[in-house]
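Below you'll find the structure, written out as structure tokens, and then a few comments.
Residue numbers begin at 1 in each chain, while the letters A, B, ... track the order of the sequences.
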Number of protein chains: 2
Amino acid sequence: MHLSDLASLAVQRYRTTPALIAEVLREAILRGILEGGMQLRQDEIAKSFGVSRIPVREALRQLAGEGLVEFKPHRGAIVSTLSTEEIREIYEIRIALETMAIQLAVPQLTEEDLARAEQILEEIDRETDTGRWSELNGEFHATLYAPAKRPHLFSLINTHRTNVDRYLRIYISVMKRKQRSQAEHRRILEACRRRDTEGAVKALEEHLRSASEQLVTYLEKGQERAVKS
Amino acid sequence: MHLSDLASLAVQRYRTTPALIAEVLREAILRGILEGGMQLRQDEIAKSFGVSRIPVREALRQLAGEGLVEFKPHRGAIVSTLSTEEIREIYEIRIALETMAIQLAVPQLTEEDLARAEQILEEIDRETDTGRWSELNGEFHATLYAPAKRPHLFSLINTHRTNVDRYLRIYISVMKRKQRSQAEHRRILEACRRRDTEGAVKALEEHLRSASEQLVTYLEKGQERAVKS
DNA sequence: TATTATATCATTTTATACAATATTCGTCCA
DNA sequence: TGGACGAATATTGTATAAAATGATATAATA
């Protein structure tokens, strides 16, 4: 074991209790363990972490800021839900932000960046677990955006990705989204290789738009089924 | 007076203590009463509101989510500062978000919307107080975006506007930004009147870009002065 | 029976008290 | 003199307890 491993462990341990709790809850929401609309009982969470309710409340506040939970005065927090309308809106925002990121990044991309992106794509091809698949997906995008060097932009992109990802994960695991997604990823990467900024922007926009449309269509069909039964 | 008026009043009064504290602190940061880098002592704030530190901490967490304060573990919260680099970045993000908003809104704008926008511009002309000036400024933009009906987008725009506004306010009160800003506003409104979406987007982008550039130039000059002395 | 009032319980919210961590300031020693 | 060490102090972070609020069930009334 290297020193850096110990260091990262220490950092992980260090981060305040609320941050730790927030991270765990975020992951749980993302994985669908905590479903939309579900009540988040403070003392229940507190017990499971072996702490009092105060750090739990602060964690919930942070998640509220990220849009993953909603606070109702004196009624506590619930896992937020997104209507299909809202999912569409979040994707529109993502398109605006991420096309900006890639536009700034393409001229700065190094060969190493491109190789790393290719490598991630190959990993994605081999991956079967949806959670890990989604993570790698994010890494691929992040790799292509990174040279833009826009920390605030990246953080915004991340928050919004997280918000729709929990819905996308349901869809991905059910339907045949993976192949199409990978084909689109390769089109984006190809454009980046050619230093074709315009093309990369276009390909990325289409990628996000197709994800949005497929997801919304899928969810709306599900709603119809729910109404019928 | 209708029942709904009373209800909305009650709701305003009701809002949780942390929300109230957050609002006051936000306004204080915006007005420059709390300057960037300033330590926010929980005890002090708690005393001035006549509450314990717990609602104060939750208010600070909310503001941290909005980017107005920064939490350092065991060292409390400080009012965040933005480097000129970061200000540039926030403005880039605003351009992406707000051009999207106006693009969606222009086709939906009613005559009432346009009249309301014009009315706000006239109010701005008469206004001398910088704080109120800035508020009206926001209202003008919001009026033109509103028909887009994108609540998440609006909230994002608002957060980012708030973040750079405290710097813009300093600049505005010192320099002759007001006339230029109003001229640009009128160009935007004219394009909206002509239902010239493209033109409105262009005018808005130029408006934000000029604000960003002027502001950054001003701040960098200030830094030079600070270094020299 | 339907509606309102009341009481009970669960839960959130806040205050107080304590623990952990940073900061300050004085002391010591090279 | 100046830097290192270590109490003393200030401040943050968390646990516990009390207060406030909302939900639920039951009784009272029209």
Side-chain angles (χ1 to χ4, degrees), chain A residues 7 9-26 28-29 34-81, chain B residues 3 6-26 28-29 34-66 68-81:
Chain A
L9 238 163
V11 167
Q12 272 206 336
R13 173 140 347 161
Y14 188 65
R15 282 215 252 86
T16 58
T17 315
L20 176 77
I21 296 171
E23 189 171 311
V24 173
L25 292 180
R26 191 184 300 112
I29 293 170
L34 297 172
E35 284 179 47
M38 196 178 275
Q39 273 278 347
L40 296 167
R41 297 285 173 214
Q42 297 173 3
D43 55 357
E44 197 179 320
I45 297 167
K47 254 182 210 157
S48 68
F49 280 91
V51 299
S52 81
R53 278 180 315 213
I54 281 150
V56 172
R57 287 180 60 81
E58 298 194 3
L60 291 174
R61 289 248 177 238
Q62 178 171 341
L63 294 174
E66 296 170 21
L68 290 176
V69 316
E70 251 174 278
F71 258 84
K72 310 265 184 182
H74 291 273
R75 278 192 271 175
I78 58 170
V79 179
S80 73
T81 56
Chain B
L3 196 64
L6 274 173
S8 74
L9 238 163
V11 166
Q12 271 208 335
R13 172 135 353 159
Y14 188 65
R15 281 213 254 90
T16 59
T17 314
L20 176 77
I21 297 171
E23 188 171 313
V24 172
L25 292 180
R26 190 185 299 113
I29 292 170
L34 297 172
E35 285 178 46
M38 196 177 275
Q39 274 278 348
L40 296 169
R41 298 286 172 213
Q42 299 172 4
D43 243 337
E44 205 177 313
I45 297 167
K47 254 182 209 155
S48 68
F49 281 91
V51 298
S52 82
R53 282 183 340 203
I54 282 158
V56 172
R57 287 179 60 81
E58 298 196 2
L60 291 174
R61 288 249 177 235
Q62 178 170 341
L63 294 173
E66 296 170 20
L68 291 175
V69 316
E70 252 173 279
F71 257 89
K72 311 263 185 184
H74 292 274
R75 279 194 269 175
I78 59 170
V79 179
S80 74
T81 56

Donor-acceptor pair, side chain of A:Ser80 and main chain of A:Gly67, under 3.5 angstrom: yes
A:Arg53: salt bridge (Lys or Arg N to Asp or Glu O under 4.0 Å) partners, not counting sequence neighbours: none
Touch class at under 4.0 angstrom, heavy-atom based, for A:Leu60 against every strand present: nothing
If the condition is side chain to side chain donor-acceptor pair (under 3.5 Å), which residues does [X] pass it with, not counting sequence neighbours?
{"X": "A:Glu35", "result": "none"}
{"X": "B:Glu66", "result": "B:Arg26, B:Gln62"}
{"X": "B:Glu58", "result": "A:Arg57, A:Arg61"}
{"X": "B:Glu44", "result": "none"}

Round to the nearest Å and state the distance from [X] atom [atom1] to [N] atom [atom2].
{"X": "B:Lys47", "N": "D:dT12", "atom1": "NZ", "atom2": "P", "result": "12 Å"}
{"X": "A:Ile78", "N": "C:dT12", "atom1": "CD1", "atom2": "P", "result": "12 Å"}
{"X": "B:Asp43", "N": "C:dA17", "atom1": "CG", "atom2": "P", "result": "13 Å"}

D:dA10 phosphate, OP1 or OP2, under 4.0 Å from B:Arg41 side-chain N/O: no
Any protein N or O atoms within reach of nucleotides 13-16 of chain C? Criterion: under 3.5 Å, listing atom names and distances.
from: C:dT13; atom 1: OP1; to: A:His74; atom 2: N; distance (Å): 2.8
from: C:dT13; atom 1: OP2; to: A:Gln42; atom 2: NE2; distance (Å): 3.4
from: C:dT13; atom 1: OP2; to: A:Arg57; atom 2: NH1; distance (Å): 2.5
from: C:dT13; atom 1: O4; to: A:Arg53; atom 2: NH2; distance (Å): 2.7
from: C:dT14; atom 1: OP1; to: B:Thr17; atom 2: OG1; distance (Å): 2.7
from: C:dA15; atom 1: OP2; to: B:Ser52; atom 2: N; distance (Å): 2.5
from: C:dA15; atom 1: OP2; to: B:Ser52; atom 2: OG; distance (Å): 2.8

